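Following: one structure in structure tokens, then a few remarks.
Counting starts at 1 for both ligands and their atoms, in listed order. When reading the values below, keep in mind they use all heavy atoms of this one structure, side chains included, and skip hydrogens, waters and symmetry mates. Predicted model, so just to flag it, every value in this text is computed and none were measured.
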Amino acid sequence: MTITTRFAPSPTGNLHVGNVRTALHNWLLARRVGGRFLLRIDDTDKERSREEYVQAIRVDLAWLGLVPDGEERQSARFDLYEREFAKLVASGRVYRAYETSQELDLKRKVLLSRGLPPIYDRAALDLTEADHDAKAAAGEAPHWRFLLNRGSPIEWMDGIRGLQHFDAGQMSDPVIRRADGTWLYMLPSVIDDIAMGVTDVLRGEDHVSNTATQVQMFAAFGVDPPAFAHEALLVGSEGKLSKRLGSLGMAELREAGIEPEALVAMLARLGTSQPVEAIVDVDQIAAGFDLSTFGRAPARFDEAELHRLNAQIVHRLPYARVSHLLPNGMGEAAWEAIRPNLAHINEAGEWWQVVTGPIARPELEAEDRVFIAAAADALEAQPWDENPWPALTGTLKEATGRKGKALFLPLRLALTGREHGPDMAALLPLIGREAAIARLRAAA
Ligand code: GLU
């Protein structure tokens, strides 16, 4: 049986690492079994939702490779909500209430001062039709609450947290619709999960209590709830819910040279018992994705770790993946020679410049200059094949008795102008015979 997951962001801001992680996990959950991953734009809040954020969400998901198999927008589904809501009105599972937020506040305070849980007292259930008519005549519009079934315990087997149990008697009937007719999050989400055929809801543990309510909403529609799993939230490396984390967006990470593969590899495993590894192949990550490996403790996100992982990922990226990001003329052999020295792809240009020149002329000791002159002669004399470096260093070692650093460093300095860099055996063929001889002569 195939599964359908969904990612349901509200377009009230840019995606940050925390919600991208939720998106990724839903994508992986579906991907692992060839299921469907849907994007649902939760834009019932007209005031706070922005089209530019909807667009940015799509761009960010595409950048990460998390392409949805379908997209729905809540703002285009109000007719559906109206029809489904009417069913709940007919079955008596929603009711009208009129308390202002000040009145509700006061009720809560009174209960708390008596040491009681601040649960809504359902006073509105006692209103008669005549009361409602009088309110309407006075121009007072109702908001709507969902009537919890207090007779039935709420239970579900959470894919991460195990068996969850809630007592509906300890919960307030949630307001699902405001007096102006607009929807709160709770009910449309259930209606959509049913209509979109969502089989698995994986989201942050900040939604656990919503799930308790929503389980009863599924039941009110006569539908089995999807499988639920709630993951521990992401926290900063200092162990707190950091402001930085909540605002660390994809644009900023892209700007910093973070590759999507690095973010995917890291977020896929963070908070699980599996080690974070530099895995480029997302199907390999998906194959091992397993909710039972998720821990209950908050997952720690460390930006420095992401940068380290990014370097390891860059060292593994194939040429075809990066060719359009490289300087003109830089081919596969150059990429493979240079990538082990990169923390970010955009540093490739610097090393390509070392290959193509001009390079800084190094200051060498007199003794080393004699040695480099001998190297120029040797290189001129030897046949230029695919592997000129071992031949050159072999000849020089024998002729001069130099070895190790004394042998290699002056050559590297003369050929590249730098003390460190990519493997010379890979670099020398790229520099080419004429340029290499010229650089050696210039440094000698
Ligand atoms: N729009 C909700 C949120 O951003 C979706 C929650 C859910 O996954 O149902 O938290």
Is it true that the side chains of Asn387 and Trp389 contain a donor and an acceptor less than 3.5 Å apart? no

Check ion pair Arg21-Glu231 (N to O, under 4.0 angstrom): yes

Presence of salt bridge, Glu71 and Arg6, under 4.0 angstrom: no

Between the protein and ligand 1, are there any N or O atom pairs that come within less than 3.5 Å of each other, and if so, what are their names and distances?
from: ligand 1; atom 1: 1 (N); to: Ala8; atom 2: O; distance (Å): 2.8
from: ligand 1; atom 1: 1 (N); to: Ser10; atom 2: OG; distance (Å): 3.2
from: ligand 1; atom 1: 1 (N); to: Asp42; atom 2: OD2; distance (Å): 2.6
from: ligand 1; atom 1: 8 (O); to: Arg6; atom 2: NH1; distance (Å): 2.7
from: ligand 1; atom 1: 9 (O); to: Arg6; atom 2: NH1; distance (Å): 3.4
from: ligand 1; atom 1: 9 (O); to: Arg6; atom 2: NH2; distance (Å): 2.8
from: ligand 1; atom 1: 9 (O); to: Tyr185; atom 2: OH; distance (Å): 2.6
from: ligand 1; atom 1: 9 (O); to: Arg203; atom 2: NH1; distance (Å): 2.7
from: ligand 1; atom 1: 10 (O); to: His207; atom 2: NE2; distance (Å): 2.9

Measuring only between side-chain heavy atoms, which start at C-beta, is Asp173 closer than 4.5 Å to Thr213? no

Distance-only donor-acceptor pairs under 3.5 Å for side chains of residues 248-262, two or more places apart:
from: Glu252; atom 1: OE2; to: Arg244; atom 2: NH1; distance (Å): 3.0
from: Glu252; atom 1: OE2; to: Arg244; atom 2: NH2; distance (Å): 3.1
from: Arg254; atom 1: NH1; to: Asp60; atom 2: OD1; distance (Å): 3.2
from: Arg254; atom 1: NH2; to: Asp60; atom 2: OD1; distance (Å): 3.1
from: Glu259; atom 1: OE1; to: Arg321; atom 2: NH2; distance (Å): 2.9
from: Glu261; atom 1: OE1; to: Arg321; atom 2: NH2; distance (Å): 2.8
from: Glu261; atom 1: OE2; to: Arg321; atom 2: NE; distance (Å): 2.5
from: Glu261; atom 1: OE2; to: Arg321; atom 2: NH2; distance (Å): 3.4

Parallel, tilted or perpendicular, as decided by the 30° and 60° cut-offs, for the rings of Trp144 and Phe85: perpendicular

